Amino acid sequence: VPQPQYGLYAWPSAVVLAQYLWFHRAALPGTRVLELGAGVSLPGLVAAKCGAEVTLSDSEELPQCLENCRRSCLMNNLPHVPVIGLTWGRVSPELLSLAPVDIILGSDVFFDPKDFEDILTTVYYLMEKNPHAQFWTTYQVRSADWSIEALLCKWKLKNIHVPLQSFNADKEHLAGSSLPGRHTIEMMIISLANSDGT
């Protein structure tokens, strides 16, 4: 059962994103990775275990989620992974002082449509610091009426759909877990519309 704050348990799409990271683990050593809305931090921790330089973030307004990120790091022998408070759509000292990142991660951040533009605003800001950065995101399909296409256009971003079967994630059970179950999970990679897309 979901906790009152979303970041206190593993979402089905987190396992799918972690599978994508594991599938591409050879490309991760030395990359600079930021996980947005990290919660229990499964994708970010997998990236760190694969050699990426990871920073985990969750809302500065949810100290329990930030503490959960820290606990996840300690439980996985990753005490050096920084955890910062970042609230989507808000310019903060933490956001301004972030070094450029290569990969932004977000599993099920596209949960509530009221947050969609704030998420993309933050992603756009991060991509301005490194125009070759990519946002790797998975989400659970909850409504056919929800779309970010207009917002991607507004923020001059493009997306590429990543078929789950291309990284062996089109199964009900991944990595010994019962997730993602029968949930419909999608993955996309978002980048600046004028980037070369590599």
Side-chain angles (χ1 to χ4, degrees), residues 1-29 31-59 62 64-78 81 83 86 88 101-113 115-116 119 123 134-144 146 148 159-190:
V1 174
Q3 297 290 330
Q5 293 169 328
Y6 305 134
L8 300 180
Y9 80 110
W11 289 74
S13 54
V15 178
V16 174
L17 187 54
Q19 173 78 5
Y20 186 79
L21 288 155
W22 180 251
F23 196 81
H24 295 282
R25 63 190 176 275
L28 293 175
T31 58
R32 299 160 299 176
V33 174
L34 171 69
E35 185 174 3
L36 297 177
V40 297
S41 316
L42 178 61
L45 294 176
V46 169
K49 289 280 189 178
C50 291
E53 298 170 21
V54 175
T55 299
L56 302 173
S57 72
D58 213 313
S59 174
L62 300 174
Q64 282 182 288
C65 290
L66 293 169
E67 184 54 35
N68 211 35
C69 291
R70 290 183 190 98
R71 268 195 307 252
S72 291
C73 290
L74 292 174
M75 290 173 60
N76 287 280
N77 298 314
L78 294 167
V81 172
V83 176
L86 283 184
W88 304 325
V101 295
D102 304 305
I103 300 168
I104 305 158
L105 301 174
S107 65
D108 231 345
V109 294
F110 293 110
F111 176 82
D112 190 338
D115 296 325
F116 290 4
I119 294 162
V123 167
Q134 295 181 333
F135 179 29
W136 297 0
T137 183
T138 52
Y139 60 96
Q140 183 176 333
V141 177
R142 294 183 174 83
S143 171
W146 295 357
I148 63 167
N159 71 311
I160 298 167
H161 178 263
V162 180
L164 300 191
Q165 66 268 24
S166 70
F167 58 100
N168 301 326
D170 55 338
K171 300 165 180 55
E172 286 186 25
H173 298 74
L174 290 174
S177 78
S178 60
L179 296 174
R182 294 180 182 237
H183 301 284
T184 302
I185 308 295
E186 299 287 340
M187 178 167 180
M188 63 182 155
I189 295 177
I190 296 173

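Computed from heavy atoms alone, side chains included, the values below leave out hydrogens, waters and symmetry copies. Please read these numbers as outputs of a predicted model, since none were measured by experiment.
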How close do L62 and D58 get, counting heavy atoms only, and between which atoms? CD1-OD1, 4.4 Å
Apply side-chain contact (heavy atoms from CB on, under 4.5 Å) to residues L105 and L21 and explain how you reach the verdict. CA-CA 10 Å; L105 301 174; L21 288 155; 3.8 Å; yes
For W22, what residues pass the side-chain hydrogen bond (donor to acceptor under 3.5 Å, both in side chains) criterion, not counting sequence neighbours? none
For S166 and P163, which heavy atoms make the closest approach, and how far apart are they? OG-O, 2.6 Å
Set of side chain to side chain contact (heavy atoms under 4.5 Å, CB included) partners for F167, sequence neighbours left out: V16, Q19, Y20, F23, V162, L164, A169, M187
Which residues pass the side chain to side chain contact (heavy atoms under 4.5 Å, CB included) test with N159, not counting sequence neighbours? E149, L152, M188, I190
Could you measure the distance from the CG atom of L17 to the OG1 atom of T138? Nearest 0.5 Å is fine. 4.5 Å
Can you list the residues that meet the side-chain hydrogen bond (donor to acceptor under 3.5 Å, both in side chains) rule with S72, with sequence neighbours excluded? none
Mind listing the side-chain donor-acceptor pairs of residues 39-57 below 3.5 Å, one per line with the distance, residues two or more places apart or on another chain?
| residue | atom | partner | partner atom | Å |
| --- | --- | --- | --- | --- |
| S41 | OG | G39 | O | 3.1 |
| K49 | NZ | N76 | O | 2.8 |
| S57 | OG | E35 | O | 2.8 |

So, S13 side chain and Q140 main chain: donor-acceptor pair closer than 3.5 Å or not? no
Of the options I104, D108, V109, which is the one that meets T137 in a side-chain contact (heavy atoms from CB on, under 4.5 Å)? V109
Any residue meeting side chain to side chain contact (heavy atoms under 4.5 Å, CB included) with E186, in chain and number order, not counting sequence neighbours: Y139, V141, H161, T184
P12 and I185: which non-hydrogen atoms are nearest, and at how many Å? CB-CD1, 4.0 Å
Value for CE (M75) from CZ (R70), rounded to nearest 0.5 Å, stands at 16.0 Å
Looking at NE2 of H24 and CD1 of I103, how far apart are the two atoms once the value is rounded to the nearest 0.5 Å? 10.0 Å
Just jot down the salt bridge (Lys or Arg N to Asp or Glu O under 4.0 Å) partners of R25, sequence neighbours excluded, or say none. none
For the residue pair V83 and C69, what are the closest heavy atoms and their distance? CG1-CB, 3.7 Å
